[in-house]
Amino acid sequence: MKNIAVIGSGTMGNGIAHVFAQYGYSVSLIDISEDALKKASATIEKNMGRQVEKGIITEATKKKALSSLSTTSFLNEGVRDADLVIEAATENIDLKLKIFKEIDECTKPGTILATNTSSISITKIASVTKGPDQVIGMHFMNPV
């Protein structure tokens with residue numbers, strides 16, 4: 001597993017993308033808003049800069065992580081090569097069902113689809129996919 005897609009670039013999404021990129025994964029951060037993606041990228045870069053200042057990571061690690069992070073507002077493009085897709089969109093059942101139906105149609109067979117939901121049934125989310133056994137709950141706390 002080396003390609004990660006994160007849907008939603010808010011607090012949780014950009015934190016999830018940050019950690020995966022920091023640990024050597026290729027990450028595609030996806031959001032419907034280009035402005036949100038720019039803000040998320042700036043936040044990730046700023047947070048990694050703080051990690052460098054504190055000696056948590058090196059400047060080389062920061063540069064490598066940032067180079068492995070891409071952004072897109074096109075869901076199909078962002079999830080196409082993913083081995084793991086983590087959805088971190090707004091806690092809205094209709095939105096999450098729409099997203100999972102779409103990512104199910106755009107991902108390769110065997111891709112694990114994860115949701116960061118804390119209150120919505122994983123079974124309900126999985127029901128809109130062709131492979132409900134590939135759908136998991138993966139709840140992150142803030143900070144990731």
Side-chain angles (χ1 to χ4, degrees), residues 1-93 95-126 129 131-144:
M1 187 169 297
K2 62 181 181 170
N3 296 313
I4 310 297
V6 180
I7 301 170
S9 66
T11 301
M12 293 309 299
N14 78 58
I16 294 165
H18 171 148
V19 172
F20 273 103
Q22 180 179 326
Y23 285 95
Y25 294 89
S26 176
V27 180
S28 177
L29 183 58
I30 307 157
D31 201 293
I32 57 172
S33 166
E34 286 291 335
D35 287 339
L37 288 168
K38 287 177 188 170
K39 182 179 176 188
S41 294
T43 298
I44 292 167
E45 187 167 359
K46 182 179 95 181
N47 289 342
M48 284 187 180
R50 273 192 291 208
Q51 288 180 293
V52 170
E53 289 172 11
K54 292 179 179 183
I56 297 168
I57 62 172
T58 65
E59 185 65 32
T61 299
K62 174 187 167 189
K63 286 181 181 176
K64 185 176 180 187
L66 292 174
S67 72
S68 71
L69 179 66
S70 63
T71 63
T72 184
S73 58
F74 298 100
L75 186 82
N76 61 341
E77 177 184 297
V79 302
R80 179 180 35 234
D81 297 322
D83 301 306
L84 170 65
V85 178
I86 303 168
E87 170 275 317
T90 304
E91 196 74 355
N92 173 299
I93 183 67
L95 176 61
K96 289 185 185 283
L97 294 177
K98 180 180 182 275
I99 289 170
F100 272 83
K101 187 172 171 70
E102 189 172 342
I103 60 177
D104 184 57
E105 295 168 1
C106 299
T107 52
K108 61 188 178 187
T111 300
I112 298 169
L113 309 180
T115 180
N116 187 49
T117 189
S118 59
S119 63
I120 299 170
S121 164
I122 307 303
T123 304
K124 178 146 180 118
I125 291 171
T129 69
D133 59 326
Q134 295 294 114
V135 179
I136 64 171
M138 196 173 196
H139 187 69
F140 295 87
M141 302 301 286
N142 188 22
V144 175

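Both backbone and side-chain heavy atoms feed into the values below; hydrogens, waters and symmetry mates do not.
In this structure, the side chains of Ile103 and Leu75 come closer than 4.5 Å at one or more pairs of heavy atoms. The shortest side-chain heavy-atom distance between Asp83 and Ile4 does not fall under the 4.5 Å cut-off. Under the 4.5 Å side-chain criterion, counting only non-hydrogen atoms from C-beta, Lys2 is not in contact with Ser26. No side-chain heavy atom of Arg80 sits less than 4.5 Å from a side-chain heavy atom of Lys108. For the pair Ser73 and Ile30, the minimum side-chain heavy-atom distance is 4.5 Å or more. Within the 4.5 Å cutoff, the side chain of Thr115 has no heavy atoms near those of the Met138 side chain. Between Val52 and Thr58 there is no side-chain heavy-atom pair separated by less than 4.5 Å. Counting only heavy atoms from C-beta outward, the side chains of Thr61 and Lys64 never approach each other to under 4.5 Å.
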- Which is it for Ile7 and Val85 under the side-chain contact (heavy atoms from CB on, under 4.5 Å) test, yes or no, and what are the steps along the way? CA-CA 7 Å; Ile7 301 170; Val85 178; 3.6 Å; yes
- Task: Take Asp104 and Thr129 through the side chain to side chain donor-acceptor pair (under 3.5 Å) test and state the conclusion after the steps.
- Result: CA-CA 6 Å; Asp104 184 57; Thr129 69; 4.5 Å; no
- Derivation of the side-chain contact (heavy atoms from CB on, under 4.5 Å) call for Gln22 and Ile57: CA-CA 9 Å; Gln22 180 179 326; Ile57 62 172; 3.4 Å; yes
- Task: Might you work through the side-chain contact (heavy atoms from CB on, under 4.5 Å) test for Phe20 and Ile86, ending with a clear yes or no?
- Result: CA-CA 11 Å; Phe20 273 103; Ile86 303 168; 3.4 Å; yes
- Item | Criterion side-chain contact (heavy atoms from CB on, under 4.5 Å) on Ser28 and Thr72, from CA distance to verdict | CA-CA 7 Å; Ser28 177; Thr72 184; 3.9 Å; yes
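For CZ of Phe140, the number of neighbouring non-hydrogen atoms (other residues, nucleotides, ligands) closer than 6.0 Å is greater than 12. Counting heavy atoms of neighbouring residues, nucleotides and ligands inside a 6.0 Å radius, atom NZ of Lys124 does not exceed 12 of them. By the neighbour-count criterion of 12 heavy atoms within 6.0 Å, atom CD1 of Ile32 is sparsely surrounded, having that number or fewer from other residues, nucleotides or ligands.
In this structure, a donor-acceptor pair under 3.5 Å is present between the side chains of Gln51 and His18. For the residue pair Thr111/Gln134, the side-chain donor-acceptor check at 3.5 Å is not satisfied. Between the side chains of Thr117 and Glu91, at least one donor N or O lies within less than 3.5 Å of an accepting N or O.
Here the straight-line distance linking atom CD1 of Ile16 with atom OG of Ser9 works out to 11.5 Å at 0.5 Å rounding. Here the straight-line distance linking atom NZ of Lys38 with atom CG of Asp31 works out to 12.5 Å at 0.5 Å rounding. Between atom NZ of residue Lys101 and atom NZ of residue Lys98 there is a gap of 11.5 Å, rounded to the nearest 0.5 Å. Atom CD of Glu59 and atom CE of Met48 lie 11.0 Å apart (nearest 0.5 Å). To the nearest 0.5 Å, atoms SG (Cys106) and CG (Asp81) are separated by 12.0 Å. Note that the OG1 atom of Thr43 and the CG atom of Asn14 stand 5.5 Å from one another [nearest 0.5 Å].
Residues Leu69 and Ala17 come closest through the heavy atom pair CD1-CB, 4.1 Å. Residues Ala21 and Val27 approach most closely at N-CG2, 3.6 Å, considering heavy atoms. When all heavy atoms of Leu29 and Ala40 are compared, the closest pair comes out as CD2-CB, 3.8 Å. Between Ala114 and Phe100, the shortest heavy-atom distance links the atoms O-CZ, 3.5 Å. In terms of heavy atoms, Val135 sits closest to Ala126 at CB-CB, 3.7 Å.
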